[in-house]
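These notes concern the structure reproduced below.
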Amino acid sequence: MDVSHILEHLNDAQRQAVTAPNQSLLVLAGAGSGKTRVLVHRIAWLIQVEGLSPHSVMAVTFTNKAASEMRGRIEDLLAMPAAGLWVGTFHGLSHRLLRRHWQEAKLPQGFQILDSEDQLRLVKRVLKGLELDESRWPPRQAQHFINGQKDKGLRPQHLDDSGDPVNRQLIRIYSAYEAACNRAGVVDFAELLLRSLELLRDNKELLDHYQSRFRHLLVDEFQDTNELQYAWLRLIAGARTPVFAVGDDDQSIYGWRGAKIENIQNFQKDFPGTEVVRLEQNYRSTGAILQAANALIEHNEGRLGKELWTADEEGEAVSLYTAYDERDEARFVADQVRDWYEQGNRRSEIAVLYRSNAQSRVFEETFIAMGIPYRVYGGLRFFERAEIKDALAYLRLVANKDDDTSFERVVNQPTRGIGERTIALIRDSARANDQSLHQAAIDLVTGTGLAARARTAVAGFLTLIKELTEVCVGLPLHEQVEHMLEHSGLKEHYGKDKSEKAQSRVENLEELVSAARGFRLDPEEHGDMDELTAFLSHAALEAGEGQGDPWEDCVQMMTLHSAKGLEFPKVFLCGMEEGLFPHRMSIEEGGRLEEERRLCYVGITRARQKLYITCTERRRLYGSETYNAPSRFIGEIPGELLEEIRPRLATSEPLYRPSALQDDGVEGFQIGQRVVHAKFGEGMITNHEGQGSSARVQVNFEGAGSKWLVLAYANLQAV
DNA sequence: GCGACATTGTTTTTT
DNA sequence: ACAATGTCGC
């Protein structure tokens with residue numbers, strides 16, 4: 001067979017990776033060095049040259065987008081469908097395993113997936129059940145704790161409170177949360193991974209089966225794996241399966257959510273005989289842009305070491321624009337966009353990148369005022385919209401009566417006279433009898449525990465769910481959805497509201513019917529799941545795109561994080577100021593600067609032809625005016641690569657820096673400082689406002705929670 | 001059940 | 001500053 005198409009257009013390093021012998025390989029792939037191409041060609045090589053069945057290959061990515069792009073490119077290269085090939089996200093593949101082996105995983109057949117919002121609601125319910133005060137036990141913190149433990153592979157019984165009462169309570173919450181999930185037959189995102197890991201670990205036969213089935217494992221964006229994901233990989237690989245890991249330590253920007261850069265270092269230990277291949281030739285950016293990126297990232301310590309180079313020309317210098325304020329910054333960018341467009345280029349070739357979402361607003365306002373179409377990435381996604389989640393909750397109840405989260409969501413949505421009191425009764429009864437809310441409601445309606453009015457209302461809801469369940473049997477999926485929308489009263493509820501917002505909700509609900517109509521069961525992915533369950537899982541695992549109209553010629557706006565993996569001819573890196581980027585939080589907390597620098601590196605390397613960096617002299621942030629120094633990252637780019645477009649002018653307002661005031665705190669107290677109060681005990685100052693006799697500080701007390709105290713009266717002592 | 005008022009947090013995000 | 005959420009009263 002002629003396989004030259006697999007090796008054509010690859011450079012030496014790429015070819016070395018693609019044709020590597022049967023052993024583990026760590027590919028350190030710099031930005032723009034053809035990472036995806038190497039992965040895709042490697043898989044094609046394994047199948048067409050090594051003669052492996054697609055059935056024996058698993059490729060793991062982080063996002064659905066990356067997974068579908070990879071599958072598409074593989075099939076293009078092979079010129080045939082790659083049936084049997086497992087390409088997917090960690091979560092998607094874990095989900096697949098759990099569906100195939102739900103019994104061994106001790107899950108109900110129709111188990112459902114909680115997204116983060118569902119999870120938070122459930123945590124809140126659990127806190128209520130434990131009679132814990134939400135202000136002392138913030139649900140988000142508990143959620144974070146639970147996910148953190150799961151990401152480390154730890155169950156409540158593995159945890160030791162080490163005598164710490166806070167820890168003890170959190171473990172209790174985790175335990176109760178787990179019980180609630182099990183009873184409801186739902187799993188959260190981390191659970192998908194942990195449960196599938198345990199499934200294989202505890203079932204020797206299954207493990208043997210999959211370990212011998214998969215003869216090659218490939219991982220994308222390896223620097224973003226967390227502990228649990230890495231353990232999952234090692235387990236499936238076993239002792240024999242070589243792992244082909246592609247990553248870039250310089251682009252690790254998700255440490256804050258548990259990604260372990262150390263996994264790259266450990267990789268060579270855990271997979272003995274691993275070869276390392278570096279991809280350093282960049283096919284994306286001009287010389288100037290790469291030199292700027294290289295110079296910046298040099299300032300990080302403990303890198304694995306890599307230097308990008310290009311055979312391309314030097315290109316234009318990086319432009320630096322120091323704006324007067326954020327409106328001026330936006331105006332500058334808008335002017336550049338307009339010029340570019342008027343020269344006959346496309347606006348979609350331009351990206352505006354920023355550190356935090358809040359920064360997009362001024363740009364949006366300016367673009368609107370100047371009539372420049374734009375698209376902001378990373379808003380609410382389709383399946384995350386409230387009305388869609390309401391509709392899905394009805395469907396989930398149809399599929400699984402034990403799903404208490406869904407029950408609570410729609411029992412009174414639209415309102416049907418089932419108020420807090422009635423719901424509390426149902427909840428108590430459910431807890432007392434260790435039942436689902438749905439079952440408890442049935443018992444209450446037939447029993448005597450409810451007032452006549454409430455009983456009628458609850459009975460009405462139960463009848464509705466029963467009716468939906470019966471009608472749905474045998475109906476095509478989209479008709480099930482349609483029927484539910486009509487009979488639940490959801491559509492009518494939004495329909496009678498004539499506001500624009502409500503109208504778009506109705507449209508979204510109709511869109512849901514279309515989504516259902518277009519949904520196809522994939523036997524590989526979904527096994528023998530019924531259509532409804534498969535559709536609901538799909539909705540949870542792939543939240544859909546944010547906004548429509550991707551085809552209009554729009555300026556692309558997004559955070560630096562969402563820009564990873566993308567490239568644009570012209571890039572604006574905005575808000576390059578100390579405090580914003582690097583972000584204050586990362587400056588204050590030690591050891592987080594390097595990740596910010598990597599984020600900046602990611603930003604710079606998005607640009608193909610031209611990079612602009614902008615910063616402002618003053619900026620309105622969280623209500624008050626701030627005067628920020630230009631980001632240290634600007635200073636780390638050699639001056640000869642930078643060209644200042646508007647040097648600081650004498651016309652700009654005199655710079656005085658009240659930021660020093662803020663850092664000093666008030667009256668000798670600072671944020672982060674530990675203090676003791678006569679009544680509330682010991683705590684830490686978390687905020688302050690006002691001055692003189694009205695100065696107040698917020699203190700988070702260990703025993704009494706968070707309080708605002710007037711300094712003049714509180715008599716706080718520094719610890 | 002809804003509107004008025006208060007409180008709170010405000011980096012980054014995928015699944 | 002501001003949005004998003006929670007609380008309270010009718």
Side-chain angles (χ1 to χ4, degrees), chain A residues 60-67 88-95 113-120 124 134-135 138-141 144 147 150-151 187-194 221 224-226 228-229 252-259 326 353-362 377-381 383-384 386 412-421 493 497 537-544 546 558-565 575 579-589 592 595-596 598-600 602-603 619-626 686-687 689 698 700 706 708:
Chain A
V60 199
T61 64
F62 275 82
T63 64
N64 292 303
K65 201 172 148 207
T89 62
F90 281 100
H91 294 86
L93 297 174
S94 295
H95 174 243
I113 301 165
L114 297 184
D115 70 13
S116 326
E117 192 206 336
D118 301 330
Q119 185 187 32
L120 186 64
K124 284 183 182 169
E134 283 197 5
S135 60
R140 283 185 178 286
Q141 234 163 280
H144 183 248
N147 290 335
K150 288 193 183 189
D151 284 343
V187 294
D188 58 45
F189 287 136
E191 184 74 24
L192 286 170
L193 278 152
L194 181 50
E221 306 279 14
D224 289 337
T225 48
N226 64 26
L228 180 55
Q229 289 158 340
S252 158
I253 56 174
Y254 287 110
W256 54 274
R257 64 172 199 213
E326 72 272 18
L353 308 182
Y354 36 79
R355 175 68 236 262
S356 65
N357 284 309
Q359 285 168 256
S360 76
R361 242 187 59 188
V362 187
Y377 280 75
L380 248 202
R381 277 138 0 125
F383 286 113
E384 290 168 358
N412 201 33
Q413 170 69 16
T415 50
R416 47 174 72 85
I418 304 177
E420 246 332 285
R421 285 208 64 106
H493 170 71
D497 185 338
S537 303
H538 164 81
L541 285 172
E542 295 192 42
M558 67 197 82
T559 63
L560 287 157
H561 283 89
S562 356
K564 190 163 91 159
L580 242 194
F581 190 30
H583 196 275
R584 250 187 77 172
M585 306 249 189
S586 302
I587 298 174
E588 284 162 9
E589 241 178 277
R592 298 189 49 184
E595 184 157 309
E596 294 279 305
R598 292 194 290 268
L599 192 54
C600 186
V602 167
R619 174 184 297 274
R620 206 158 239 303
L621 200 61
Y622 302 140
S624 50
E625 206 93 311
T626 54
T686 55
N687 204 352
E689 65 179 29
Q698 189 179 35
N700 193 11
S706 191
W708 275 101

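The sequence lines fix the lettering, A, B, ..., with proteins before strands; numbering per chain opens at 1.
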Item to check | Proximal nucleotide (of B/dT15, B/dG1, B/dT12) relative to the A/Leu541 side chain | outcome: B/dT15

Next on the checklist: Can you see if the side chain of A/Asn412 gets near the phosphate of B/dG1 - specifically, an N or O under 4.0 Å from OP1 or OP2?
Outcome noted: yes

Item to check | Integer-rounded Å distance: C/dA4 P and A/Arg361 CZ | outcome: 10 Å

Checklist entry - How long is the line joining CD1 of A/Ile253 and P of B/dT13, in whole Å? => result 9 Å

Checklist entry - How are the rings of A/Tyr254 and A/His561 set relative to one another: parallel (under 30°), tilted (30 to 60°) or perpendicular (over 60°)? => result tilted

Checklist entry - Is A/His583 stacked on the base of B/dT11, with ring centres under 5.5 Å apart and planes under 30° apart? => result yes

Next on the checklist: At less than 4.0 Å, is any side-chain N or O atom of A/Asn226 found next to OP1 or OP2 of B/dT14? Yes or no.
Outcome noted: no

Next on the checklist: Restricting to non-hydrogen atoms, name the atom on A/Asn412 and the atom on A/Gly417 that form the minimum distance, rounded to 0.1 Å.
Outcome noted: OD1-N, 3.4 Å

Next on the checklist: Please classify the nucleic acid contact of A/Ser116 as base, sugar-phosphate, or nothing, using heavy-atom distances under 4.0 Å.
Outcome noted: base

Checklist entry - Within the stacking criterion (centroid distance below 5.5 Å, interplanar angle below 30°), does A/Trp256 stack on B/dT12? => result yes

Next on the checklist: Taking B/dT12 as the reference, what is the distance to C/dT5 when you measure between their C1' atoms (whole Å, please)?
Outcome noted: 22 Å

Next on the checklist: Just N and O in the side chain of A/Tyr622: are any of them under 4.0 Å from OP1 or OP2 of B/dT11?
Outcome noted: yes

Next on the checklist: Both A/Thr63 and A/Glu589 contact DNA chain B. Which one's nearest nucleotide lies toward the 5' end?
Outcome noted: A/Glu589

Item to check | Minimal non-hydrogen separation, A/Ala543 against A/Glu384, with atom names | outcome: CB-OE2, 3.6 Å

Checklist entry - Heavy atoms under 4.0 Å, any strand shown: does A/Tyr254 hit a base, just sugar-phosphate, or nothing? => result sugar-phosphate

Next on the checklist: By the 4.0 Å heavy-atom rule, please label A/Arg592 as base, sugar-phosphate, or nothing.
Outcome noted: base

Checklist entry - The side chain of A/Arg355 lies closest to which of these nucleotides: B/dT15, B/dT14, B/dT12? => result B/dT12

Checklist entry - For the side chain of A/Arg257, counting heavy atoms from C-beta on, which of B/dT15, B/dT14, B/dT12 is nearest? => result B/dT14

Checklist entry - C/dG6 and B/dT11: how far apart are their C1' atoms, nearest whole angstrom? => result 24 Å

Checklist entry - Would A/Arg584 and A/Glu588 count as a salt bridge (charged side-chain N to carboxylate O under 4.0 Å, His left out) if you check the C-alpha gap in whole Å, the side-chain angles of each, and the deciding distance to 0.1 Å? => result CA-CA 6 Å; A/Arg584 250 187 77 172; A/Glu588 284 162 9; 3.1 Å; yes

Checklist outcome for this item: With the side chain defined as heavy atoms from C-beta on, A/Arg620 is closest, among B/dT12, B/dT14, C/dA1, to C/dA1

Next on the checklist: What I want to check is whether an N or O donor and acceptor connect the side chain of A/Arg381 with the base of B/dT14 at under 3.5 Å.
Outcome noted: no

Next on the checklist: Base, sugar-phosphate or nothing for A/Asp188? Non-hydrogen atoms, less than 4.0 Å.
Outcome noted: nothing

Checklist entry - Rounded to whole angstroms, how far apart are CG on A/Asp151 and P on B/dT13? => result 18 Å

Next on the checklist: Can you measure A/His144 atom NE2 to B/dT13 atom P for me and round it to whole angstrom units?
Outcome noted: 15 Å

Checklist entry - Looking at A/Lys124, does any N or O in its side chain come under 4.0 Å of the phosphate oxygens OP1/OP2 on C/dG6? => result yes

Checklist outcome for this item: Judged by nearest nucleotide, the residue sitting upstream toward the 5' end of DNA chain B, A/His493 or A/Arg140, is A/His493

Item to check | Phosphate contact (B/dT12 OP1 or OP2) by A/Ser586 side-chain N/O below 4.0 Å | outcome: no

Next on the checklist: Does B/dT14 have OP1 or OP2 under 4.0 Å away from a side-chain N or O of A/Asn64?
Outcome noted: no

Next on the checklist: Using 0.5 Å steps for rounding, measure from the OG atom of A/Ser252 to the CD atom of A/Glu221.
Outcome noted: 10.0 Å

Checklist entry - Going by heavy atoms in the side chains, are A/Val60 and A/Gln229 under 4.5 Å from each other? => result no

Item to check | Closest contact, heavy atoms only, A/Leu580 versus A/Ser356 | outcome: CD2-OG, 4.3 Å

Checklist entry - When all nucleic acid strands are considered with a 4.0 Å heavy-atom cut-off, which category describes A/Lys564: base, sugar-phosphate, or nothing? => result nothing

Checklist entry - What nucleotide among B/dT12, B/dT15, B/dT11 has an atom nearest to a side-chain atom of A/His561? => result B/dT12

Checklist entry - How long is the line joining CG of A/Leu380 and P of B/dT13, in whole Å? => result 13 Å

